[in-house]
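All values derive from a computational prediction rather than experimental measurement.
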Protein chains: 2
Amino acid sequence: MNIGEIAEQTGLPAKTIRYYEDIGLVTPQRGANGYRVFRETDAHKLTFLGRARALGFSIEQCRELLALWEDRSRASADVRAVALGHLDDIDKKISALAAMRDTLAELVQKCAGDDRPDCPILKGLEGP
Amino acid sequence: MNIGEIAEQTGLPAKTIRYYEDIGLVTPQRGANGYRVFRETDAHKLTFLGRARALGFSIEQCRELLALWEDRSRASADVRAVALGHLDDIDKKISALAAMRDTLAELVQKCAGDDRPDCPILKGLEGP
DNA sequence: ATAAGGGTTCCAGTCACAGGAAGGTCAAGG
DNA sequence: CCTTGACCTTCCTGTGACTGGAACCCTTAT
């Protein structure tokens, strides 16, 4: 399979797939014409990567997960540890965003939003 | 005031303040020795920027807010529009993260996390 | 022969800074 | 006067995970 075909199959942009090869996440073979040749295992890997990235795992975490995935003697505890770490990161991000949203929503609510210049949002940004 | 002093006062790293000058958010004067000289108005601006950034506004949104802040004939509706747009972005981000968390939490819960290789997390990443 | 539609490499840009090198300036102490 | 140390300056590079584009090669159909 050429890169376009695999891109369509996995839903990943061809650029991204080339990038993944660049950083060593996949290692497709090459045809006589220099084109990348993807096999089933490459397709599986890329699908795996696409899903892991969609769940917000970093590239390095994906690399780790991929290694565990390919290691048949892995301990599921190792996978779980990576996932739990990421889960914690996500929760922290959500908390931070929620705090921003609450503060901002409060300011927005106080603001009349008309053609007058008086604005509690700007005042809130000025100082405490 | 020198950059160190203003950095401490505003809580922004000196590097960040230099960067803000670079992109035209602040324009401190210069002393005879070439040092940046910050005045009260610069301090106010930087405090404003720090707060706006802490609420997650992008640099470009900050630039916009700063312009509105300095425009005494602004309409509060314009400020509110920027804030509402950002609020929407935040909500979208939170939703995306919450979806990730839910999916991931489900997988984590299914995983025994022991020394056996069988792992529902990896299986979930493989395919649907 | 040529045109369209693949593919290839490489370079630059994104966002909002952070790290660090190389060097100038200032105030205090010996 | 000289040194020390803390501060300041500019400039260059790197971050994460790609994306866009240029310049060029390969394949297939007309």
Side-chain angles (χ1 to χ4, degrees), chain A residues 1-39 42 45-46 48-66 85-86 89-90 92-93 96-97 100, chain B residues 1-39 42 45-46 48-66 85-86 89-90 92-93 96-97 100:
Chain A
M1 275 189 292
N2 283 351
I3 200 167
E5 209 173 340
I6 205 102
E8 196 174 1
Q9 200 182 78
T10 61
L12 296 172
K15 280 262 178 190
T16 298
I17 297 173
R18 291 195 194 98
Y19 173 66
Y20 286 172
E21 184 189 10
D22 232 45
I23 62 174
L25 286 180
V26 283
T27 48
Q29 303 197 277
R30 295 293 178 134
N33 52 10
Y35 286 17
R36 288 168 183 83
V37 177
F38 295 87
R39 311 209 234 141
D42 297 315
K45 266 197 197 182
L46 287 169
F48 183 94
L49 286 170
R51 290 178 177 274
R53 291 287 302 133
L55 286 181
F57 286 102
S58 73
I59 289 287
E60 284 319 305
Q61 285 172 325
C62 286
R63 198 189 297 277
E64 207 172 337
L65 289 172
L66 209 49
H86 180 44
D89 287 352
I90 291 180
K92 279 180 191 149
K93 277 189 193 170
L97 285 171
M100 284 181 195
Chain B
M1 275 187 293
N2 283 351
I3 200 169
E5 208 173 340
I6 207 103
E8 196 174 0
Q9 199 183 78
T10 61
L12 296 171
K15 281 262 179 191
T16 298
I17 297 173
R18 289 195 195 98
Y19 172 65
Y20 286 172
E21 183 188 11
D22 232 44
I23 62 175
L25 286 181
V26 282
T27 49
Q29 301 198 277
R30 296 292 178 135
N33 52 12
Y35 287 17
R36 288 168 183 83
V37 177
F38 296 86
R39 311 210 232 145
D42 298 315
K45 266 197 198 183
L46 288 168
F48 183 95
L49 286 169
R51 290 178 176 274
R53 290 288 300 133
L55 286 182
F57 287 102
S58 73
I59 290 287
E60 284 318 305
Q61 284 173 325
C62 286
R63 197 188 298 275
E64 207 171 338
L65 289 172
L66 209 48
H86 180 44
D89 287 351
I90 291 180
K92 280 181 190 146
K93 278 189 192 170
L97 284 171
M100 285 182 194

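- For the pair A:Lys93 NZ and D:dG16 P, the computed distance is 13 Å after rounding to whole Å.
- The CE atom of A:Met100 sits 10.0 Å away from the CZ atom of B:Phe57 when rounded to the nearest 0.5 Å.
- Partners of A:Arg63 by side chain to side chain donor-acceptor pair (under 3.5 Å), not counting sequence neighbours, listed by chain and number: A:Glu60.
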Exercise. Start with the C-alpha gap between B:Lys93 and A:Lys93, add the side-chain angles, then the distance that decides, and say whether side chain to side chain contact (heavy atoms under 4.5 Å, CB included) holds.
Key: CA-CA 10 Å; B:Lys93 278 189 192 170; A:Lys93 277 189 193 170; over 6 Å; no
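- Side-chain N or O atoms of A:His86 include none that pairs as donor or acceptor with a backbone N or O of A:Gln61 at under 3.5 Å.
- Legend: salt bridge (Lys or Arg N to Asp or Glu O under 4.0 Å) pairs involving residues 2-15 of chain A, not counting sequence neighbours: none detected.
- Listed by chain and residue number, nothing satisfies the ring-ring contact (aromatic ring centres under 6.0 Å, His included) test with B:Phe38 (two or more places apart in sequence, or in another chain).
- Closest approach of B:Ala7 and B:Ala14 over heavy atoms only: CB-N, 4.0 Å.
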Quiz item: Which letters describe nucleotides 22-28 of chain C, given B = protein heavy atom under 4.0 Å from base, S = only from sugar-phosphate, - = neither?
Solution: --BBS--
List, one per line, each side-chain donor-acceptor pair under 3.5 Å for residues 25-33 of chain A, sequence neighbours excluded.
| from | atom 1 | to | atom 2 | distance (Å) |
| --- | --- | --- | --- | --- |
| A:Gln29 | OE1 | A:Arg39 | NE | 2.7 |
| A:Gln29 | OE1 | A:Arg39 | NH2 | 2.5 |
| A:Arg30 | NH1 | A:Gly34 | O | 3.0 |
| A:Arg30 | NH2 | A:Glu21 | OE1 | 3.4 |
| A:Arg30 | NH2 | A:Glu21 | OE2 | 3.3 |
| A:Asn33 | OD1 | A:Tyr35 | N | 3.0 |

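- Between the CG atom of B:Asn2 and the C1' atom of D:dA6 there is a distance of 12 Å, given to the nearest Å.
- For A:Phe48, the ring-ring contact (aromatic ring centres under 6.0 Å, His included) partners at least two apart in sequence or on another chain are A:Trp69.
- Taking both residues in full, the closest heavy atoms of A:Ile3 and A:Ile6 are given as O-CG2, 3.2 Å, listed atom of the first, atom of the second, then distance.
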Exercise. Show your working on side chain to side chain contact (heavy atoms under 4.5 Å, CB included) between A:Ile17 and A:Thr10 and close with a plain yes or no.
Key: CA-CA 10 Å; A:Ile17 297 173; A:Thr10 61; 4.2 Å; yes
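- Residues A:Leu97 and B:Ile90 approach most closely at O-CG2, 3.7 Å, considering heavy atoms.
- Of all the residues in residues 53-65 of chain A, not one reaches under 4.0 Å from DNA chain C with any non-hydrogen atom.
- The CG atom of B:Leu66 lies 11.0 Å from the OH atom of B:Tyr20; values are rounded to the nearest 0.5 Å.
- Of the side-chain N and O atoms in A:Arg36, none sit less than 4.0 angstrom from OP1 or OP2 of C:dG7.
- Inter-axis angle, ends of the helix from C:dA1-D:dT30 to C:dG30-D:dC1, five pairs per end, rounded to 10 degrees: 40°.
- The stretch residues 3-22 of chain A touches DNA chain D through A:Pro13, A:Lys15, A:Thr16, A:Tyr19, A:Tyr20, each having a heavy atom under 4.0 angstrom from the strand.
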